[in-house]
Number of protein chains: 2
Amino acid sequence: MGPGDAEGTIANAREELARKFDAWREVALDASRCPVRDVLDRVGDKWTTLILMALAGGPQRFGALSRAAPDISKRMLTQTLRTLERDGLVARRVYPTKPPSVDYRLTPLGVAMMEPLAALIRWAEQSHSAIVAARRRFDEGPAEESAA
Amino acid sequence: MGPGDAEGTIANAREELARKFDAWREVALDASRCPVRDVLDRVGDKWTTLILMALAGGPQRFGALSRAAPDISKRMLTQTLRTLERDGLVARRVYPTKPPSVDYRLTPLGVAMMEPLAALIRWAEQSHSAIVAARRRFDEGPAEESAA
DNA sequence: CAGAATCCATATCGATACTG
DNA sequence: CAGTATCGATATGGATTCTG
């Protein structure tokens, strides 16, 4: 597969990214206060994305979330939800019933985040087989590509 | 800002995500072979996104990448590039010159990933101030929201 | 029910030193 | 130049126990 497919389409995105990167790397690491790292660190952690997807369908109680992902410990569920709440992506509501009940829902900010996040998830699903195939190739053959 | 803005637009995305989640959580964790985790784990790690952005502008030599992000150690740069190469997102080319020279470039698959990734990055940049504000609010006030 | 607290295993990352 | 190898610090996550 040559680099010819949709080359024009991506050339634009490439340049934009290149410029963004130039303007970005100055503060990305030196300041260690980079907004992108702020967000991506969470996207990359083990449960955040799963919880966000679970909440995308509407408010969920703590127990329901716990049941939705059976192998998340309560410790991590609480911690993930707290971070999400702190970042303003999720809202926590307490109902003062006899056994206390709590539910969580996406805030407008959280809903807004789901759009680009969902796009990335879609890409991941579509590309998974290609990635798996690439890994097999890499692991089996030495496949050294030298330039002439 | 109320939840009213673009509510119709996001309702659609919500439902799609909710359905996706339902179909997803069965294999997301139990199988631990979830394609989404496969990708997001990398997006969340410390250097992958930065390297991808650096390569979005075109091929880069190892040394150039190292200089672009002065505080990445060679160990991590190599490791990140190897993983990217293994996943088929980046191609490595060796030029057998006297002091060996190597460069890295995005593959078509890598370029394709940059699109959704860039969208998420854009969102992160746009939303950073809102997130920072939410954190301040959370850290300062107890701000317990109880339902009536 | 919805957590908080504590302890421990592992994964991740950085610094340093060495090499073809 | 472009790595590899080894080591130690720290961050992350899981299991368990306890509570209002």
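A note on names: the letters A, B, ... follow the listed sequences, proteins ahead of strands, and every chain is numbered from 1. Keep in mind that this is a model prediction, so the values were computed, not measured.
Between A:Leu81 and A:Arg92 the shortest side-chain heavy-atom distance does not fall below 4.5 Å.
In this structure, CG of B:Asp41 is placed 18 Å from P of C:dT10, rounded to the nearest angstrom. Distance B:Phe62 CZ to D:dC1 P: 11 Å, rounded to the nearest Å. When the C1' atom of D:dT4 is taken as reference, atom CG of B:Leu77 falls 14 Å away, rounded to whole Å. Atom pair B:Arg82:CZ and C:dC13:C1' shows a separation of 18 Å (rounding to whole Å applied). Between the C1' atom of C:dA2 and the CZ atom of A:Arg67 lies a distance of 12 Å, rounded to the nearest Å. One can place CZ of B:Arg93 at 17 Å from C1' of D:dA2, the figure rounded to the nearest angstrom.
Hydrophobic clustering (ILVMFWY, side-chain heavy atoms < 4.5 Å, transitive): A:Phe62 and A:Ile72 are in one cluster.
With respect to the salt-bridge test (charged N to carboxylate O, under 4.0 angstrom), the residues B:Asp103 and B:Arg105 qualify. A:Asp87 has no carboxylate O lying under 4.0 Å from a charged side-chain N of A:Arg82, or vice versa, which leaves the two without a salt bridge.
The shortest non-hydrogen separation linking A:Tyr104 to A:Leu55 is O-CD2, 3.3 Å.
Rounding to the nearest 0.5 angstrom, the gap separating the CE atom in B:Met113 from the CG atom in B:Leu52 is 6.0 Å.
Every residue two or more places apart in sequence or in another chain was checked for a side-chain hydrogen bond (donor to acceptor under 3.5 Å, both in side chains) with A:Gln126, and none qualifies.
Rounded to 10 degrees, the angle between the two end axes of the helix from C:dC1-D:dG20 to C:dG20-D:dC1 is 50°, with five pairs used at each end.
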Self-check item: Under 4.0 Å protein heavy-atom contacts per nucleotide of nucleotides 13-20 of chain D, with B for base, S for backbone only and - for none
Solution: BBB----B
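Side-chain N/O atoms of B:Arg92 include none lying less than 4.0 angstrom from OP1 or OP2 on D:dA2.
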Quiz item: salt bridge (Lys or Arg N to Asp or Glu O under 4.0 Å) between A:Asp38 and B:Arg135: does it pass, once the steps are laid out?
Solution: CA-CA 12 Å; A:Asp38 251 23; B:Arg135 285 184 191 160; 2.8 Å; yes
